[in-house]
Amino acid sequence: MRQYWSCCYFKNSRGGGIGHQLVQEALCACDKLWPRESIEIGAQEHLSEFYQNHGFMPTSVMYLEDDIPHIDMKLEK
């Protein structure tokens with residue numbers, strides 16, 4: 001299993017599209033390295049719509065990871 005980890009940035013930088021740019025770059029890199037391979041992530045539940053905008057679909061019910069609600073998601077290739 002290949003993994004990438006989350007990142008954070010200053011609250012005053014939010015809303016400018018940086019998160020979408022980072023995800024898009026990560027998806028492009030994955031596609032170059034592992035073409036035609038689906039991508040699975042464990043996302044914070046409140047970000048599920050954000051990831052759905054990038055093609056990910058929920059594949060689990062909510063679960064707690066470090067007391068934070070998460071959901072598994074998958075981008076099918």
### Query
Shortest non-hydrogen contact from Asp72 to Tyr63?
OD1-OH, 2.7 Å
### Message
Nearest 0.5 angstrom please: His70 NE2 to Glu45 CD, how far?
### Response
10.0 Å
### Task
Give the minimum heavy-atom separation between Thr59 and Met73, together with the two atoms involved.
OG1-N, 3.7 Å
### Query
Going from CE on Met62 to CD1 on Ile68, what distance comes out if it is rounded to the nearest 0.5 angstrom?
12.0 Å
### His46/Phe50 aromatic ring centres below 6.0 Å
no
### Message
As an exercise, state the distance from OG of Ser48 to CE of Met57, rounded to the nearest 0.5 Å.
### Response
10.0 Å
### Task
Would you sort out whether Gln44 and Glu65 count as a side chain to side chain contact (heavy atoms under 4.5 Å, CB included), showing the intermediate values?
CA-CA 9 Å; Gln44 289 186 13; Glu65 184 175 308; over 6 Å; no
### Task
Find the distance between CG (Asn53) and CD (Gln24) and round it off to the nearest 0.5 Å.
11.5 Å
### Value rounded to 0.5 Å, distance of NZ in Lys74 from CD1 in Ile39
11.0 Å
### Query
If you measure from CD on Glu49 to CZ on Phe56, what distance do you get to the nearest 0.5 Å?
15.0 Å
### Heavy-atom pair with the smallest gap, counting every atom of Pro58 and Gln52
CG-NE2, 3.7 Å
### Message
Please check: side-chain N/O of Ser38 versus main-chain N/O of Lys77, any donor-acceptor pairing under 3.5 Å?
### Response
yes
